[in-house]
Number of protein chains: 2
Amino acid sequence: MSTATVSRALSSPDRVSEDTRARVFRAVEQTGYTLNQAARSLRQRNSRTILVALPDIGNTFFSVVLDAIEREAVLRGYSVLVANRFAGHDSGRRLHEYFLSNRADGLLLLDGSVPLESLLALAAPPAGVPLIMACEDIACAPFHSVRTDNEFAAEVATRHLIGLGHRGIGHIRGPDGNVLTEEREAGYRRALTAAGIAIRPEWILPAGFDMQQGLAAAERYMALSSRPSAMFAANDETAIGFLSGLRQHGLDCPRDVSVVGFDDLAFAAHFWPPLTTMRQPREALGRIAAEALIDLIEGEPRRRVPRHTVLSSELIIRGSTRAFAPASQRPAPVV
Amino acid sequence: MSTATVSRALSSPDRVSEDTRARVFRAVEQTGYTLNQAARSLRQRNSRTILVALPDIGNTFFSVVLDAIEREAVLRGYSVLVANRFAGHDSGRRLHEYFLSNRADGLLLLDGSVPLESLLALAAPPAGVPLIMACEDIACAPFHSVRTDNEFAAEVATRHLIGLGHRGIGHIRGPDGNVLTEEREAGYRRALTAAGIAIRPEWILPAGFDMQQGLAAAERYMALSSRPSAMFAANDETAIGFLSGLRQHGLDCPRDVSVVGFDDLAFAAHFWPPLTTMRQPREALGRIAAEALIDLIEGEPRRRVPRHTVLSSELIIRGSTRAFAPASQRPAPVV
DNA sequence: AAGGGAAATGCAATCGATTACATGCAGCCA
DNA sequence: TGGCTGCATGTAATCGATTGCATTTCCCTT
């Protein structure tokens, strides 16, 4: 029996006779044969592997998205390569190395800070690498994308605080240069403006997406001469760090300050106080992005028009927000 | 110029003349050539890729370890494939598919519940796949491993509670069938026994490694007719869920119960109360495991004697533990 | 100038699966 | 029986980089 027949028996069983098929399967079973993926990749010019590039796997937000991506990929018969801390001076070169080399058939990019020109070069012929941006989109980039409606969600979060009677509402910003930072701040501003509340720039505290920065933001908050009674934090980690910092200064949430986060990490519900937050559908983000990428890889002909999928976030009200009460009406602090 | 020369210029630059080398590099630059990894893998019978198999990427413990693994791997010129939710009825088959197929050169297994026989088959000739177990070891398995001294760390954690004057000390167990569960419980028992404290089996609450199970453990705790004044939780997530559950019943930590966790997740320090816990050196675990695996892959001849690296954990004392005080001496609950 | 040796390069086989094309074979109809 | 159809299988080229071996080039020595 020739190798050609064996190959056909394994990859398109209905093209060989029943007898042959049975013999091949039996032989495979007995000898423990597995096909050499490298040889197949070389010949077929694909690898049935996707590359997921993200800024920080260690961050629980991304790791849950990655979880969903991996699950969907395996379902569709793909392996998952991860590239962590992707953005950086050499991200263009790294992209180049991963593709045009039959290592991965497509790129799932969870990092909006990769230089657009590298991506354009990658997605354009002759490389023509299928590419999906997820979570962090690059504005106006001509790629398919899957994300949440950050601006609207931020507006909803801020409106929630307004609805509770707060008028002094500050914002803890994400890292500079991140799309999400801008979108969430824009939503925050929009909500205030719509409610006729003036924006006080000194109440927009620079921070980042991690707890340390949230902690630092608490210091800035304490240093304010006049302090807002509520804060909308760019994400849950920042909110948690901020609350932790407030506590060190003897302030209590929600008695003294109401705080809304963003993401609804698993920890948010068990934190004290349980965090009011905008839930991002992280599993759905990952799953839909992976689906879209694999469709793009397998689809013929390639869909040219970028499709932007926008998922919505959900306000989860917990204990970290409460109706505004003037300082005089608040219970005395417990010592 | 022949392809052979080009190949040599790129992979061992000192074997060609300076002139040729310069011409090759210039041509590579101009044409944007990248080598086809599949072809190289086919010829060299390796893939410069490692497979990391873990039970749950979404879990922040593992994702931080994975972060360190990826960093080390990239440093050594390796790519990282991830296989999530690895243990399962088909884990043997999945292992089989990944290896003997030139997809990965070695396996970094973070999951102690994969059937030992599959692993033995994989590691034995003819496959002879380099394999390192990390975090969760399998007792007596003949593989290199990198882990923390769980039993001793659990003993230290429990001793800390004993040192604070607690005599009623319970334990929130990890998931059944997990090595870590057994090791940590053993350390807990050892500390109590050494201190001459009788073990009360009803104070060893079954749970698991996640917050939901910790929450459920709080219910079991509340249902006890006589309750211990301190608990050692199998990990931080469990501890956090447990504390969250206690709060719902109006109990306060550390006033009513002291709690020690395990892992020192990033959230532990910012939780309220800040969690006393055994810090696992997660970055070191990941880095050392990746180093060991790549050494094993590249080492010739293969080292036959399994080497077990045991890292130590560190007790981080924070606010969730406090000296024992009889109920009568505790401040009255605040309403 | 001839010869020797080392360095540089070319030639061609090789890795293993896939696949276009050729061949073989059975069954069927006229 | 001859020829046609269509399925099953075999043959051999192919993917692209690597590498053992052969050959060329170049330099140095005598």
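Sequence lines set the chain letters: A, B, ... in the order given, protein chains first and strands last, and positions in each chain run from 1.
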Here's a test of your reading of the structure: between Arg15(A) and Ala4(A), which maps to the more 5' nucleotide of DNA chain D? Arg15(A)
Residue whose closest nucleotide on DNA chain D lies nearer the 5' end, Val16(A) versus Arg45(A): Val16(A)
Sole candidate of Leu110(B), Val114(B), Asn178(B) that passes side-chain contact (heavy atoms from CB on, under 4.5 Å) when paired with Glu136(B): Asn178(B)
Under 4.0 Å between a Lys/Arg side-chain N and an Asp/Glu carboxylate O for Glu70(A) and Arg85(B)? no
Under a 4.0 Å threshold between the charged nitrogen and the carboxylate oxygen, would Asp295(A) count as salt-bridged to Arg76(A)? yes
Could you check whether Ser41(B) gets within reach of a base, just the sugar-phosphate, or nothing at all, counting any heavy atom under 4.0 Å? nothing
Over all atoms of both residues, closest heavy-atom pair of Phe61(A) and Cys135(A): CE2-SG, 4.0 Å
What is the separation between atom [atom1] on [X] and atom [atom2] on [N], rounded to the nearest whole Å?
X	N	atom1	atom2	value
Gln44(A)	dA17(C)	CD	P	12 Å
Leu42(A)	dT14(D)	CG	P	13 Å
Arg23(A)	dT9(D)	CZ	C1'	11 Å
Asn102(A)	dA17(C)	CG	C1'	13 Å
Arg43(B)	dG16(C)	CZ	C1'	12 Å
Asp14(A)	dA8(D)	CG	C1'	13 Å
Arg8(B)	dA17(D)	CZ	P	14 Å
Arg40(A)	dG16(D)	CZ	C1'	18 Å

Verify the contact: side-chain N or O of [X] to OP1 or OP2 of [N], cut-off strictly under 4.0 Å; return yes or no.
X	N	answer
Gln37(B)	dA17(D)	no
Ser17(B)	dT9(C)	yes
Thr5(B)	dT9(C)	no
Ser7(A)	dA17(C)	no
Ser11(B)	dA17(D)	no

Mapping Ala39(A) and Glu18(B) onto DNA chain C by nearest heavy atom, which one lands closer to the 5' end? Glu18(B)
In short, the helix from dA1(C)-dT30(D) to dA30(C)-dT1(D) is bent end to end, axes from five pairs each side, to 10°, by 60°
Using a distance-only test with no angle check, is there a side-chain donor-acceptor pair under 3.5 angstrom linking [X] and [Y]?
X	Y	answer
Ser113(B)	Asp111(B)	yes
Arg103(A)	Ser79(B)	yes
Ser47(B)	Asp105(B)	yes

Counting side-chain heavy atoms from CB outward, which of dT11(D), dA17(C), dT18(D) is closest to Ser2(A)? dT11(D)
Under the side-chain contact (heavy atoms from CB on, under 4.5 Å) rule, what do Glu237(A) and Leu265(A) come out as? Steps first, then yes or no, please. CA-CA 8 Å; Glu237(A) 285 207 32; Leu265(A) 302 182; 4.0 Å; yes
